[in-house]
S.K.: 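Pasting a structure below so you can have a look.
Order of the sequence lines fixes the chain letters, A, B, ..., with proteins taken first and strands second; residue numbering starts at 1 for each chain.
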Amino acid sequence: MIGKLRVVNSLTREKEVFEPLNPPHVGMYVCGPTVYSDVHLGNVRTFMSFDVIYRYLQFLGYKVRYVRNITDVGHLSDTGEDKISKKAKLESLEPMEIVQKYTNDFHQVMHTFNLLPPDIEPTATGHLMEQMEMIQELVDNGYAYESNGSVYFDINQFSDKFEYGKLSGRKTEDMLNQTRELDGGSDKRNPLDFALWKKAAPEHIMRWNTKWSDGFPGWHLECSVMSTKYLGEEFDIHGGGMDLKFPHHECEIAQNAGSKGKDGAKYWMHTNMLTVNGTKMSKSLGNSFLPHQLISGDHELLERGFSPMTIRFFMLQSHYASTLDFSNEALNAAQKGYMKLANGLRLIKSYEYPAGGQEDINQKQADQINKICDNCHHAMNDDFNTALAIGHLFNLVKKVNSIQAGQLKLEEIGQETFDRMKTTFISFAEDILGLRLESEISSQNLLDVILEEYKSAKEAKNYDKVDELRAKLKSEGVIVKDMKTGIDWAFEES
RNA sequence: GGUCCUGUGGCCGAGUGGCUAGGCAGAGCUCUGCAAAAGCUCGUACAGCGGUUCGAAUCCGCUCGGGACCUCCA
């Protein structure tokens, strides 16, 4: 391994050396989607970021258990209605039909963008027993109370022994001062208290009978319960979007500490938002487009559609903790950049070191290549800096292209460096960044035949034929590379 | 109002106090039947004003601009 992995921990606000609690095992929990409508791009970026983190940890040799939940109950909309119930009523379906439908869609989108599935994908409704147990634990420990059939987390009691607000950097007294007047009739003792169990209103569809009431679990509870169940009371990484930091993750920490005496995760990681024209892309602001709209280009903000790998490349060209702004220009640039990288990937995969080749090492070249390979590792070790890693990969693309053009000979870099360059390029592009070739070149052999024809036409100086073949291939997205050293092809970049 | 992030060349976007980020666009050169592709070279950027330092895009302060969270969102 080259150097140590360092990650920015939201809890400490510092970049720390990553040291798993029980190496080589790593437990990672990421807050998944609430399946009440289509996933939007922000979700995709977050899950893609953790996909790369998952992949890189595995690349480093860790045995990772990646848990990402499906929220299928308890997440309330601003009207206080359960999001899934609301949608079910709207579409006249069973709540579980809504859940199934959007879970399927979600999986489809994840697959489209080449995200690896998590190792465990638990649902909230599948863990109601465990949620009730945790509520009881909190009540027993004095950090929760029942009020009119609902159970609330008691921030005041909790604050005697623990610190509520440490993740998001808030102080309870400040929060209290800012709290808006609650509309009367609240069952809470303190406005900051949050629901663990809610008594269901008569029209509420999703409900379970418990000793407290006929009701449903609070949103924050499931993550505490499921992360604890599958990863233990203490585990390594907990991730999610920045907007979940408060209150969701703050509440999770409180629930974990209140029930088990431990905070849960050692490293908290938060991905930043997607913006459109500088403003957060958000469901409620209505300035978001859906993944399939970005792919098809069917949205008023989009000039054209972009392939899934272009979008993946585009997203990974920024660091996960930075905001990423969407624009047609940026996407167009990413499209060309991605194709350039894809061409490099295809090329290096086709290279084999000549058997029995006489090495004639150009030390400067070999050193440069080794340095670039080192840099790829350093970039990912530095808090999963995919943007920087991609930059280094492009330096490798230059070398790969030089080899194709005959400007750089494999014998000059030697077998050892060549092997390293090849494995580094392929593993970073495909295994870690999760990029893959997506252009369908139906038949390599057929292409070779046409290029053969091109070659003979060229030799016969039959330029009309040459131009015709070139144009035909271009219309199929293939560019002829007519080089001094021979004829080859590449994916068209735009 | 409170908490916090941020301002990099035409655009996007990394950036550890001194060592070429990178991509897109643009200019020139090489190669070429013409091209394309590729390679090489180039613009010498860090909101403004102060300060710390031998040296700051990078640290500190102030000013101005942008944004996020505090209420559902990844």
Side-chain angles (χ1 to χ4, degrees), chain A residues 13 15 30-34 36-37 39-50 75-81 83 165 168-171 174-175 177-180 219 239-248 270-275 278-285 288 313-314 317-319 321-327 329-338 340-341 343 375 378-379 382 385-395 397-408 458 461-463 466-467 470 473-474 479-485 488-490 492-494:
Chain A
R13 292 169 185 77
K15 199 180 279 184
V30 174
C31 290
T34 301
Y36 70 105
S37 71
V39 246
H40 82 125
L41 276 174
N43 287 276
V44 174
R45 151 120 124 150
T46 293
F47 301 139
M48 190 183 289
S49 300
F50 285 103
H75 201 160
L76 304 185
S77 68
D78 47 10
T79 58
E81 252 181 302
K83 288 185 170 182
S168 54
R170 285 157 220 266
K171 300 207 182 319
D174 291 346
M175 285 190 270
N177 291 335
Q178 295 151 217
T179 308
R180 297 161 197 173
W219 171 41
M242 217 130 85
D243 46 357
L244 291 186
K245 216 176 190 181
F246 186 90
H248 185 60
H270 291 95
T271 57
N272 214 132
M273 304 291 104
L274 246 37
T275 60
T279 305
K280 185 174 85 155
M281 181 186 279
S282 111
K283 285 186 185 176
S284 44
L285 288 177
S288 60
F313 175 86
F314 172 71
Q317 251 189 320
S318 73
H319 188 248
S322 301
T323 54
L324 173 60
D325 197 53
F326 263 90
S327 69
E329 292 105 304
L331 253 355
N332 277 322
Q335 165 77 17
K336 293 194 176 183
Y338 163 68
K340 188 172 186 170
L341 193 67
N343 275 319
N375 284 341
H378 291 315
D382 187 7
N385 196 331
T386 53
L388 192 52
I390 286 173
H392 295 313
L393 240 29
F394 274 111
N395 287 328
V397 170
K398 283 189 183 176
K399 298 298 179 193
V400 171
N401 286 331
S402 295
I403 291 167
Q404 186 194 31
Q407 291 157 315
L408 180 62
K458 189 78 190 295
K461 294 197 195 296
N462 182 353
Y463 295 124
V466 167
D467 291 346
R470 208 148 64 187
L473 285 169
K474 188 167 192 293
I479 295 294
V480 177
K481 300 184 73 169
D482 194 342
M483 301 166 294
K484 219 175 179 176
T485 50
D488 202 348
W489 62 276
E492 191 179 10
E493 289 184 4
S494 55

S.K.: Let me know the distance between CG of A:Leu244 and P of B:rC70, rounded to the nearest Å.
M.R.: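 In whole Å, B:rC70 P lies 10 Å from A:Leu244 CG.
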S.K.: For A:Arg45 and B:rG13, give me the distance from atom CZ to atom C1', rounded to whole Å.
M.R.: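 Atom-to-atom, A:Arg45 to B:rG13, this comes out as 12 Å.
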S.K.: Could you give the distance separating B:rG66 and B:rC31 at their C1' atoms, to the nearest angstrom?
M.R.: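 Approximately 47 Å lies between the C1' atom of B:rC31 and that of B:rG66.
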S.K.: Report which part of the nucleic acid A:Val44 touches: base, sugar-phosphate, or nothing (heavy-atom distance under 4.0 Å, all strands).
M.R.: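 Nothing, no nucleic acid heavy atom in range.
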S.K.: What integer distance in Å separates A:Lys280:NZ from B:rG66:P?
M.R.: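 Distance, rounded to whole Å: 19 Å.
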S.K.: Within the 4.5 Å heavy-atom criterion, are A:Thr275 and A:Met281 side-chain neighbours or not?
M.R.: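 Counting from C-beta outward, A:Thr275 and A:Met281 never come under 4.5 Å.
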S.K.: Could you label the plane-to-plane angle of the A:His248 and A:Trp219 rings as parallel, tilted or perpendicular, counting under 30° as parallel and over 60° as perpendicular?
M.R.: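 Taking A:Trp219 first and then A:His248, their aromatic rings lie parallel (interplane angle under 30°).
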S.K.: Mind checking side chain to side chain donor-acceptor pair (under 3.5 Å) for A:Lys474 and listing every partner two or more places apart, or none if nothing turns up?
M.R.: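 Per chain and number, A:Lys474 pairs via side chain to side chain donor-acceptor pair (under 3.5 Å) with A:Glu492.
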S.K.: In this structure, how many angstroms lie between the P atom of B:rG67 and the CE atom of A:Met273, rounded?
M.R.: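 For the pair A:Met273 CE and B:rG67 P, the rounded distance is 16 Å.
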S.K.: Heavy-atom count check: over 12 atoms from other residues, nucleotides or ligands less than 6.0 Å from A:Lys245 NZ?
M.R.: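 Count over threshold, so yes.
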S.K.: Between B:rC11 and B:rA25, how far apart are the C1' atoms? Round to whole Å, please.
M.R.: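 Each nucleotide's C1' atom is 8 Å from the other's.
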S.K.: Would you kindly check whether a donor in the side chain of A:Arg470 faces an acceptor in the base of B:rA36, or vice versa, at under 3.5 angstrom?
M.R.: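 No, the side chain and the base share no sub-3.5 Å donor-acceptor pair.
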S.K.: Could you give the CG-to-P distance, from A:Asn462 to B:rA35, as a whole number of Å?
M.R.: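 Interatomic distance, CG of A:Asn462 to P of B:rA35: 19 Å.
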S.K.: Between B:rA21 and B:rC12, how far apart are the two C1' atoms, rounded to whole Å?
M.R.: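 Going atom to atom, C1' in each nucleotide, I get 14 Å.
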S.K.: When the P atoms of B:rC24 and B:rC59 are considered, how many whole Å apart are they?
M.R.: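 That atom pair is separated by 30 Å.
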S.K.: Looking across every strand, which nucleic acid part, if any, lies under 4.0 Å from A:Phe246 by heavy atom: base, sugar-phosphate, or nothing?
M.R.: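 Touches sugar-phosphate only.
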S.K.: If we take the P atom in both B:rC46 and B:rG7, what is their distance in whole Å?
M.R.: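 Per the computed distance, 14 Å lies between those P atoms.
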S.K.: Measure from the side-chain heavy atoms of A:Asp325 and tell me the nearest of B:rA38, B:rG2, B:rG13.
M.R.: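 Minimum distance to the A:Asp325 side chain belongs to B:rG13.
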S.K.: Checking contacts here: which listed nucleotide (B:rC69, B:rG33, B:rC12) is nearest the side-chain heavy atoms of A:Ala330?
M.R.: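 Looking only at heavy atoms from C-beta outward on A:Ala330, the closest nucleotide is B:rC12.
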S.K.: With ring centroids as reference points, do A:Phe314 and A:Phe326 lie under 6.0 angstrom apart?
M.R.: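 When the ring centroids of A:Phe314 and A:Phe326 are compared, they turn out to be within the sub-6.0 Å range.
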S.K.: For A:Arg45, does its backbone N or O pair with a side-chain atom of A:Ser49 as donor and acceptor, under 3.5 Å?
M.R.: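 Such a contact is found between A:Ser49 side chain and A:Arg45 backbone.
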S.K.: Tell me what A:Leu274 touches on the nucleic acid: a base, only sugar-phosphate, or nothing, going by heavy atoms under 4.0 Å.
M.R.: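 Base, at least one base atom sits under 4.0 Å.
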S.K.: Which whole number of Å gives the distance between the P atom of B:rA57 and that of B:rU41?
M.R.: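 That atom pair is separated by 25 Å.
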S.K.: How far, in whole Å, is B:rA38 from B:rU6 if one measures between their C1' atoms?
M.R.: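 It comes out at 38 Å once rounded to the nearest Å.
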S.K.: So, using side chain to side chain donor-acceptor pair (under 3.5 Å) as the criterion, who are the partners of A:Asn385 when residues are at least two apart?
M.R.: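 In terms of side chain to side chain donor-acceptor pair (under 3.5 Å), with neighbours along the sequence ignored, A:Asn385 is linked to no residue.
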S.K.: Taking the side chain of A:Ala405 as its heavy atoms from C-beta onward, which of B:rA38, B:rC12, B:rC34 lies nearest to it?
M.R.: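 Selected nucleotide (nearest to the side chain): B:rA38.
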S.K.: For nucleotides B:rC5 and B:rG9, find the distance between their C1' atoms and express it as a whole number of Å.
M.R.: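 Their C1' atoms lie roughly 24 Å apart.
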S.K.: Check whether any side-chain heavy atom of A:Asn343 sits under 4.5 Å from a side-chain heavy atom of A:Glu493, and report yes or no.
M.R.: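 A:Asn343 vs A:Glu493: side chains touch.
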S.K.: Closest nucleotide of RNA chain B for A:Arg13 versus for A:Thr275: which of these residues is on the 5' side?
M.R.: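 Comparing both residues, the 5'-ward one is A:Arg13.
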S.K.: Tell me every residue that passes side chain to side chain donor-acceptor pair (under 3.5 Å) with A:Gln404, counting only those two or more places apart in sequence or in another chain.
M.R.: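 With neighbours one apart ignored, the set is A:Lys481, A:Asp488.
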S.K.: Below 4.0 angstrom from OP1 or OP2 of B:rG15, is there any side-chain N or O of A:Asn385?
M.R.: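 For B:rG15, OP1/OP2 do have a side-chain N/O of A:Asn385 under 4.0 Å.
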S.K.: Treat a base pair as Watson-Crick or G-U wobble with both distances under 3.5 Å, then lay out RNA chain B in dot-bracket form, 5' to 3', with | for cross-strand pairs.
M.R.: (((((((..(((.....[...))).(((((.......)))))....(((((..]....))))))))))))....
S.K.: Kindly say if A:Asn401 contacts the phosphate of B:rA38, meaning a side-chain N or O under 4.0 Å from OP1 or OP2.
M.R.: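 So the side chain of A:Asn401 is outside the cut-off, no N or O lying under 4.0 Å from OP1 or OP2 of B:rA38.
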S.K.: Regarding A:Met281, tell me which of base, sugar-phosphate or nothing describes its non-hydrogen contacts under 4.0 Å with the strands shown.
M.R.: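 Answer is base: heavy atoms of A:Met281 come under 4.0 Å of a base.
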S.K.: For A:His319 and B:rU16, what is the distance between atoms NE2 and P respectively, to the nearest whole Å?
M.R.: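 Answer to the nearest Å: 10 Å.
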S.K.: A:Lys399 or A:Gly240: which one's nearest nucleotide on RNA chain B is closer to the 5' end?
M.R.: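 Residue closer to the 5' terminus by nearest nucleotide: A:Lys399.
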S.K.: Within the structure, does a side-chain N or O atom of A:Ser322 lie under 4.0 Å from either OP1 or OP2 of B:rA14?
M.R.: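 Yes, because at least one side-chain N or O of A:Ser322 sits under 4.0 Å from OP1 or OP2 of B:rA14.
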S.K.: What is the separation between atom CG on A:Asp467 and atom P on B:rC34, rounded to the nearest whole Å?
M.R.: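 After rounding, the reported distance stands at 12 Å.
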S.K.: Mark up nucleotides 18-31 of chain B, 5' to 3', with B wherever a protein heavy atom is under 4.0 angstrom from a base atom, S wherever such an atom reaches only the sugar-phosphate, and - elsewhere.
M.R.: ---BSSSS------
S.K.: Taking only residues two or more places apart in sequence or in another chain, which ones pass side chain to side chain donor-acceptor pair (under 3.5 Å) with A:Thr323?
M.R.: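 Not a single residue meets the side chain to side chain donor-acceptor pair (under 3.5 Å) criterion with A:Thr323.
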S.K.: Between the side-chain atoms of A:His40 and the base atoms of B:rA74, is any donor-acceptor pair under 3.5 Å?
M.R.: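 Answer is yes: a donor-acceptor pair is held.
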S.K.: Locate the shortest heavy-atom distance separating A:Met483 from A:Ala405; write the atom from each residue and the value.
M.R.: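 Of all heavy-atom pairs spanning A:Met483 and A:Ala405, the closest is SD-CA, 4.0 Å.
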S.K.: Of all heavy-atom pairs between A:Asn43 and A:Pro33, which one has the smallest distance, and what is that distance?
M.R.: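 Closest pair (atom of A:Asn43, atom of A:Pro33, distance): OD1-CB, 4.3 Å.
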S.K.: Over how many whole Å does the gap from A:Lys245 atom NZ to B:rC4 atom C1' extend?
M.R.: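 Atom NZ in A:Lys245 sits about 8 Å away from atom C1' in B:rC4.
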